[in-house]
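To start, the structure itself, in structure tokens.
All heavy atoms count here, side chains included; hydrogens, waters and symmetry mates do not. No experiment lies behind these values; they were computed from the predicted model shown.
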Amino acid sequence: CMGGHVVKCGLGPVIIDLMRRGAVTAVAMNGSTAIHDFEIALIGKTSEDVQAGLELGTFGMARETGEMMNEALAAGEAGGLGAGRAIGGYILRKRFPHRAASLLAQAVRMRIPATVHIAIGTDIIHQHPQADGRIIGKTTMDDFRLLAEVVGRLGGGGVVLNLGSAVVLPEVFLKALTVARSAGRPVRNFTAAVFDMLVQYRGLQNVARRPVAAGGDGYYLIGHHEIMIPLLARAVIEKI
């Protein structure tokens with residue numbers, strides 16, 4: 001599970017390398033993470049001056065991002081795909097120049113579950129006229145169900161990491177865990193860890209504490225993503 005800053009500061013390829021090695025078997029992200037991933041695949045960078053754009057009414061109004069991502073979701077919904085596969089598949093079909101650095105594109109290529117959990121109104125592409133709440137809701141709901149299935153397989157030694165999502169992913173994970181346990185899955189005795197730059201209430205409670213209270217281990221590690229995530233990756237690579 002990851003927030004936007006992880007991808008925005010260039011750590012997508014680190015996660016992709018762990019996917020190739022079989023250490024990361026599923027990826028979940030919020031809407032902003034998907035946008036940063038999409039823009040990196042398209043133009044090799046993703047950033048803007050929020051304050052200046054807000055004053056001028058231009059923040060998040062880049063035509064290409066809004067049009068293309070909403071087009072990707074619409075095409076995916078028409079084909080019965082969730083948001084993650086819809087966006088990742090679009091990046092591959094359009095042969096974006098930097099698609100090798102896209103988590104979503106590489107997840108589709110490697111057939112690894114990749115889900116996008118969107119809160120309507122939180123993302124810049126919702127400001128565009130092409131945005132359709134029905135499509136956004138349907139594709140992200142499909143991804144929630146997929147995540148619940150993935151979470152159902154965590155028990156007995158699995159690991160879940162929350163990388164820098166303060167609100168959306170901790171809440172989504174908790175509900176996916178509830179669905180899995182309600183369906184009879186024995187999701188106990190797994191490890192949950194949060195990596196963030198400061199202690200966030202929902203990450204602490206909904207990832208590192210409550211889910212493992214009945215069995216498992218929880219950790220909260222504080223530091224800059226640019227340092228902590230490559231260190232984690234190196235430790236995992238040395239272990240495997």
Quiz item: Are any non-hydrogen side-chain atoms of I16 and L103 less than 4.5 angstrom apart?
Solution: yes
Exercise. Only one of I35, T46, I91 passes side-chain contact (heavy atoms from CB on, under 4.5 Å) with I40; say which it is.
Key: T46
Exercise. Identify the residue among D123, I87, I124 that makes a side-chain contact (heavy atoms from CB on, under 4.5 Å) with M69.
Key: I87
Quiz item: Going through the checks in order, is the salt bridge (Lys or Arg N to Asp or Glu O under 4.0 Å) test met by R145 and E149?
Solution: CA-CA 6 Å; R145 293 182 173 125; E149 173 63 28; over 6 Å; no
Quiz item: Between T139 and D142, do the side chains contain an N or O donor and an N or O acceptor separated by less than 3.5 Å?
Solution: no
Practice problem: Just say parallel, tilted or perpendicular for the rings of F96 and F38, cut-offs at 30° and 60°. | Solution: perpendicular
Quiz prompt | Donor-acceptor pair, side chain of N30 and main chain of T33, under 3.5 angstrom | solution = yes
Quiz prompt | A208 to V212 - nearest heavy-atom pair and separation | solution = O-CG2, 3.5 Å
Quiz prompt | Min side-chain heavy-atom separation Y220-D196 under 4.5 Å | solution = yes
Quiz item: Closest approach of A148 and A180, non-hydrogen atoms and distance?
Solution: O-CB, 3.8 Å
Quiz item: Out of curiosity, F195 CZ to I222 CD1, how far, rounded to the nearest 0.5 Å?
Solution: 11.5 Å
Self-check item: For D37 against A101, the heavy-atom pair lying closest together
Solution: OD1-O, 4.1 Å
Quiz item: Is atom NZ of K175 surrounded by more than 12 heavy atoms (other residues, nucleotides or ligands) closer than 6.0 Å?
Solution: yes
Practice problem: Check each of L18, V24, D17 against V236 using the side-chain contact (heavy atoms from CB on, under 4.5 Å) test, and report the only one that passes. | Solution: L18
